[in-house]
2 protein chains.
Amino acid sequence: MATTRAAQREQAKAAYDAFLAVCPSRQLLDRISDKWVVLVLCALGGVEGGPEGGARALRYSELARRLAGVSQKMLTQTLRSLERDGLLTRTVTPTVPVTVTYELTDLGLSLNGLARGMRAWAQDHMDEVLAARAEHDERA
Amino acid sequence: MATTRAAQREQAKAAYDAFLAVCPSRQLLDRISDKWVVLVLCALGGVEGGPEGGARALRYSELARRLAGVSQKMLTQTLRSLERDGLLTRTVTPTVPVTVTYELTDLGLSLNGLARGMRAWAQDHMDEVLAARAEHDERA
DNA sequence: GCTGCTACTCTCCATGGGGAAGTAGGCACT
DNA sequence: AGTGCCTACTTCCCCATGGAGAGTAGCAGC
């Protein structure tokens with residue numbers, strides 16, 4: 001079935017346009033634009049001061065402690081989906097009790113920069129946002 | 001009105017861990033790590049090809065069209081919260097019918113880079129994620 | 001045998017988000 | 001005059017999502 005050139009052009013234009021609800025990249029964007037995902041990536045990405053080399057493996061319980069406020073359900077769910085998407089690896093060590101560690105893959109590491117950027121932005125612009133919020137609420 | 005259990009939990013949580021839970025940037029991070037926020041910022045940030053100068057004002061209906069799949073409720077809600085946080089401005093022009101335009105502020109522009117990065121990442125790494133997903137599902 | 005530890009898994013329930021219909025208010029057409 | 005339409009919401013209903021807390025598996029130590 002010969003695809004028409006118009007259809008091809010149409011497809012090329014539509015290819016991976018995250019604005020389109022049907023595009024798979026939109027679903028991916030929806031998934032990574034999630035607070036727990038960003039937080040997990042930040043945690044596994046290492047300490048704030050360090051560069052890319054700061055990445056390290058963390059155990060389930062370490063992650064749970066670090067991301068205070070996350071429910072076990074959401075943590076497990078988030079980790080599973082990130083594992084499925086190849087952003088991190090899940091390693092079970094048959095010690096007693098069992099030890100499960102999570103570590104970023106190269107793919108995860110490439111997103112880690114953005115996640116860290118989000119966190120840095122939040123910290124850096126906290127004051128401005130707070131000021132804007134106060135001003136906005138005042139003239140309400 | 002007894003001391004609500006929610007308040008107690010809130011306090012206990014606050015005294016828990018300083019790394020991510022109590023950090024003031026955490027609430028902000030939660031807000032900006034939202035799919036609609038990222039999408040709105042991307043849309044207002046301008047076209048993909050353009051640099052920072054690509055930013056432009058969009059009308060409510062233009063945004064709704066661009067972010068296929070967003071409900072009016074969520075769009076309004078997202079825009080209002082972004083306005084409150086000083087990331088964008090809402091301008092009502094008393095034409096007939098009324099025209100409401102939204103435009104990024106400098107603060108919003110500074111986040112726009114990250115939002116655009118997220119979208120670009122999703123589009124660029126789509127194939128890898130799809131491959132990882134396929135491989136993962138296969139060995140299930 | 002009982003407890004404790006880890007990493008979940010399950011169950012219940014409040015909340016949040018989607019869909020669709022309603023609202024305001026002014027012009028344009030009949 | 002009345003009907004309708006346009007934009008930018010707002011409101012209502014309903015269901016999926018997410019949080020809280022309890023339960024589970026498997027083994028070591030007491």
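Each chain gets a letter, A, B and so on, in the order the sequences are listed, and its residues count up from 1. Any value given below was found using the heavy atoms of this structure, including those in side chains, with hydrogens, waters and symmetry copies removed.
Inter-axis angle, ends of the helix from C/dG1-D/dC30 to C/dT30-D/dA1, five pairs per end, rounded to 10 degrees: 20°.
Between the CG atom of A/D34 and the P atom of D/dT17 there is a distance of 13 Å, given to the nearest Å. Straight-line distance from the CG atom of B/L75 to the P atom of C/dG16: 19 Å, rounded to whole Å. Between the CD atom of A/Q77 and the P atom of D/dA16 there is a distance of 15 Å, rounded to whole Å. Protein atom CZ of B/R31 is 10 Å distant from nucleotide atom P of C/dG17, rounded to whole Å. Rounded to whole Å, atom P of D/dT10 lies 11 Å from atom CG of B/L79. Atom CG of A/D30 and atom P of C/dG17 are 13 Å apart (whole Å). Atom CE in A/M74 sits roughly 14 Å away from atom P in C/dT9 (whole-Å rounding).
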Below 3.5 Å between N/O atoms, which protein atoms pair up with nucleotides 20-30 of chain C? Just atom names and distances, please.
from: C/dA21; atom 1: N6; to: B/Q72; atom 2: OE1; distance (Å): 3.4

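Applying the 4.0 Å criterion to OP1 and OP2 of D/dA20, one finds that A/S71 has every side-chain N and O outside that range. Residue B/R59 places at least one side-chain N or O closer than 4.0 Å to OP1 or OP2 of D/dA8. OP1 or OP2 of C/dG18 sits under 4.0 Å from a side-chain N or O of B/W36.
The nucleotide whose nearest atom lies closest to any side-chain atom of B/R80 is, among D/dT10, C/dT9, D/dA8, D/dT10. Residue A/Y102 places its side chain closer to C/dC8 than to any other of D/dG18, C/dC8, D/dA8. With D/dG18, D/dA8, D/dT10 as the candidates, the nucleotide lying closest to the side chain of B/R90 is D/dA8.
In this structure a side-chain-to-backbone donor-acceptor pair under 3.5 Å is missing from B/S33 to B/D30. Remark: side-chain polar atoms of A/T105 are paired, donor with acceptor, to backbone N or O of A/G86 under 3.5 angstrom. Although no hydrogens or angles enter the test, the distance criterion places a donor-acceptor pair under 3.5 Å between the side chain of A/R116 and the main chain of A/G45. A donor-acceptor contact shorter than 3.5 Å links the side chain of B/T95 to the backbone of B/P97. Not one N or O on the side chain of B/D85 forms a donor-acceptor pair closer than 3.5 Å with the backbone of B/L87.
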Only distances under 3.5 Å count here; give the side-chain donor-acceptor pairs of residues 57-65 of chain B to other protein atoms, sequence neighbours excluded, each with its distance to 0.1 Å.
from: B/Y60; atom 1: OH; to: B/Q72; atom 2: O; distance (Å): 3.3
from: B/Y60; atom 1: OH; to: B/T76; atom 2: OG1; distance (Å): 3.3
from: B/E62; atom 1: OE1; to: B/R59; atom 2: N; distance (Å): 2.7

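Pairing each heavy atom of A/L67 with each of A/L39, the nearest pair is CD2-O, 3.7 Å.
A/D137 has no carboxylate O lying under 4.0 Å from a charged side-chain N of A/R133, or vice versa, which leaves the two without a salt bridge.
Checking A/L88, A/T89, A/L107 one by one against A/L82, the side-chain contact (heavy atoms from CB on, under 4.5 Å) holds for a single residue, A/L88.
Residue-to-nucleotide proximity on DNA chain D shows that, of A/K35 and B/E62, the 5′-proximal contact is made by B/E62.
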